[in-house]
Amino acid sequence: KQTPLVILNFKTYLESTGEKGRDLAKALEEVSEETGISMVAAPQGADLWRLSREVEIPVLAQHIDPVDAGGHTGSMLAECAMAAGAAGTLINHSEQRMQLADIDNVVSKMNSMDMTSVVCTNNIQTSAAAAALKPDFVAIEPPELIGSGIPVSQAEPEVVEGSVAAIKDINPQVKVLCGAGISTGDDMKAALELGSEGVLLASGIILASDPKQALLDLVSKI
Ligand code: G3P
């Protein structure tokens with residue numbers, strides 16, 4: 001059986017920015033080493049280089065723009081993210097929605113650059129559409145539960161199960177993650193029982209008084 005995956009989206013919390021982001025990435029690395037569970041950090045773009053230098057765990061960008069090299073001031077270029085040490089990127093997060101053709105553009109670019117693509121979706125239909133684009137992962141996150149502390153695995157288990165079924169039906173190679181409101185060992189266990197292969201989460205760990213302990217709790221029931 002494959003080791004479940006934990007991706008921590010650092011978002012733009014001050015608790016996961018700059019030096020504090022470094023500490024959080026170190027906590028992820030330590031818990032990964034101590035438990036054998038794969039942990040991945042997704043910091044802000046400006047922190048990619050620093051974190052990728054300082055930890056051995058994979059680091060993902062939170063977003064890459066669907067642009068080629070040239071005149072695109074303010075954009076995140078895939079080649080720049082790669083040079084900064086990113087192993088891949090989140091795509092189409094609820095807080096950074098993209099058009100379908102642009103999602104396809106970035107997934108294709110990740111595939112051609114041998115980088116990891118994690119397409120976020122909001123329901124069963126968009127999960128199915130995302131799977132058709134051949135990303136490495138689809139992460140289902142009902143937007144209304146993001147940051148709520150109410151776990152998707154409890155509030156909308158049918159969306160996770162339905163997404164897993166729809167995604168595997170279209171492309172069995174695509175791995176499925178779920179997220180929104182996940183913070184405890186019970187939440188993670190339930191997410192895996194619903195057929196997901198890991199979790200994408202943020203506030204439950206980032207805002208915890210002791211993030212390392214929160215990570216240890218998260219994986220304690222697997
Ligand atoms: O990308 C992870 C995310 O949107 C879930 O956020 O704070 O509910 O874990 P949170």
Side-chain angles (χ1 to χ4, degrees), residues 4-17 20-21 24-25 27-28 31 37-45 47-48 51 57-64 76 81 86-98 103 106-107 110 116-123 126-127 130 135-157 159-160 163 175-192 194 196-219:
L5 180 68
V6 174
I7 302 180
L8 187 63
N9 179 359
F10 286 25
K11 301 198 175 187
T12 49
Y13 290 108
L14 287 174
E15 291 83 352
S16 51
T17 294
K20 290 187 176 164
L24 197 53
L28 282 165
V31 174
I37 307 282
S38 305
M39 302 263 162
V40 173
Q44 291 169 64
D47 280 334
L48 279 171
L51 296 199
I57 57 169
V59 173
L60 298 181
Q62 293 178 9
H63 172 74
I64 283 178
M76 170 72 89
T89 187
L90 304 182
I91 299 167
N92 193 48
H93 192 278
S94 275
E95 294 153 10
Q96 191 65 258
R97 280 277 180 252
M98 296 167 76
I103 299 170
V106 178
V107 170
M110 292 297 100
T116 301
S117 50
V118 183
V119 178
C120 302
T121 57
N122 58 319
N123 60 30
T126 58
S127 297
D136 296 300
F137 294 90
V138 169
I140 167 73
E141 300 196 318
E144 66 279 11
L145 297 174
I146 292 177
S148 68
I150 302 167
V152 59
S153 43
Q154 203 175 82
E156 299 188 31
V159 175
V160 180
S163 293
K175 298 196 183 73
V176 185
L177 307 176
C178 71
I182 303 275
S183 61
T184 68
D186 284 331
D187 302 344
M188 170 112 193
K189 185 166 178 267
L192 298 179
L194 292 170
S196 70
E197 290 154 281
V199 294
L200 172 60
L201 79 171
S203 55
I205 303 297
I206 295 168
L207 302 179
S209 53
D210 183 345
K212 182 175 175 185
Q213 192 52 51
L215 283 168
L216 286 167
D217 289 347
L218 180 74
V219 298

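Note that the coordinates shown come from a computational prediction; the quantities given were computed from them, not determined experimentally. Residues take their numbers from the sequence shown, with the count starting at 1. Numbering of ligands and ligand atoms starts at 1, following listing order.
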Could you list each nitrogen or oxygen of ligand 1 that sits under 3.5 Å from a protein nitrogen or oxygen, with the atom names and the distance?
from	atom 1	to	atom 2	distance (Å)
ligand 1	1 (O)	N9	ND2	3.0
ligand 1	1 (O)	H93	NE2	2.8
ligand 1	1 (O)	E141	OE1	3.4
ligand 1	1 (O)	E141	OE2	3.0
ligand 1	4 (O)	K11	NZ	2.9
ligand 1	4 (O)	H93	NE2	2.8
ligand 1	4 (O)	E141	OE1	3.0
ligand 1	4 (O)	E141	OE2	3.4
ligand 1	6 (O)	K11	NZ	3.3
ligand 1	7 (O)	S203	N	2.9
ligand 1	7 (O)	S203	OG	2.5
ligand 1	8 (O)	G147	N	2.7
ligand 1	8 (O)	G181	N	2.8
ligand 1	9 (O)	A202	N	2.8

List the atom pairs, with distances to 0.1 Å, where a side-chain N or O of residues 176-184 and a protein N or O form a donor-acceptor pair under 3.5 Å, not counting sequence neighbours.
from	atom 1	to	atom 2	distance (Å)
T184	OG1	D186	N	3.3
T184	OG1	D187	N	3.1
T184	OG1	D187	OD1	3.0
T184	OG1	D187	OD2	3.2

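To the nearest 0.5 angstrom, I206 atom CD1 is 9.0 Å from T17 atom OG1.
Counting non-hydrogen atoms of other residues, nucleotides and ligands closer than 6.0 Å to CD of Q154 gives a total of 12 or fewer. In K212, the NZ atom is crowded: over 12 heavy atoms of neighbouring residues, nucleotides or ligands sit closer than 6.0 Å.
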One pair to check against side chain to side chain contact (heavy atoms under 4.5 Å, CB included): V219 and M39. What are the steps and the verdict?
CA-CA 11 Å; V219 298; M39 302 263 162; 3.8 Å; yes
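Judged by distance alone, the side chain of D136 and the main-chain N or O of S117 form a donor-acceptor pair under 3.5 Å.
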